[in-house]
Amino acid sequence: MDWIRPARHASLFYYAVGDGQLENGLSLSSVAVLLAVALALFAANVLAFDRLDVH
């Protein structure tokens, strides 16, 4: 499974629990990545909901 190790940065689990946050604490870059993804998903959700015909 060593061949997939470089791809761990593409997973949100790496930034949430995979970088030793329990021993070292959360890093600012991990928080920034998680917040950026959350905001991007929220914006996409708002845009998709605006296109929904509920009237």
Side-chain angles (χ1 to χ4, degrees):
M1 295 297 293
D2 290 335
W3 59 273
I4 201 161
R5 188 164 174 80
R8 69 184 182 269
H9 296 287
S11 171
L12 293 178
F13 290 110
Y14 174 78
Y15 297 102
V17 295
D19 197 22
Q21 284 86 348
L22 292 177
E23 295 101 18
N24 306 325
L26 257 160
S27 67
L28 187 58
S29 61
S30 293
V31 172
V33 168
L34 292 172
L35 283 176
V37 170
L39 288 175
L41 290 174
F42 179 75
N45 198 5
V46 167
L47 291 173
F49 188 76
D50 282 344
R51 292 185 53 134
L52 186 64
D53 187 19
V54 292
H55 294 113

key: Residues forming a side-chain contact (heavy atoms from CB on, under 4.5 Å) with L39, sequence neighbours excluded   = none
ask   = Residues in side-chain contact (heavy atoms from CB on, under 4.5 Å) with V31, at least two apart?
value =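 Scan of V31 (side-chain contact (heavy atoms from CB on, under 4.5 Å), adjacent residues dropped) gives L26, L35.
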ask   = What pairs of residues pass the ring pair (Phe, Tyr, Trp, His ring centres under 6.0 Å) test when at least one of them lies in residues 4-38, not counting sequence neighbours?
value =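 Checked against ring pair (Phe, Tyr, Trp, His ring centres under 6.0 Å) - neighbours excluded - the pairs reaching residues 4-38 are H9-Y14.
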ask   = When clusters are formed from ILVMFWY side-chain contacts under 4.5 Å, directly or step by step, what else is grouped with V46?
value = F42
message = Main chain of D2, side chain of R5: is a donor-acceptor contact present, judged purely on distance under 3.5 Å?
response = no
remark   = Contacts of S29 meeting side chain to side chain donor-acceptor pair (under 3.5 Å) (sequence neighbours excluded), chain-then-number -> S27
ask   = With sequence neighbours left out, which residue pairs that include part of residues 33-45 fulfil the side-chain hydrogen bond (donor to acceptor under 3.5 Å, both in side chains) condition?
value =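 Of all non-adjacent pairs touching residues 33-45, none passes side-chain hydrogen bond (donor to acceptor under 3.5 Å, both in side chains).
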message = A quick test of your reading: do over 12 heavy atoms of other residues, nucleotides or ligands sit less than 6.0 Å from CG of L28?
response = no
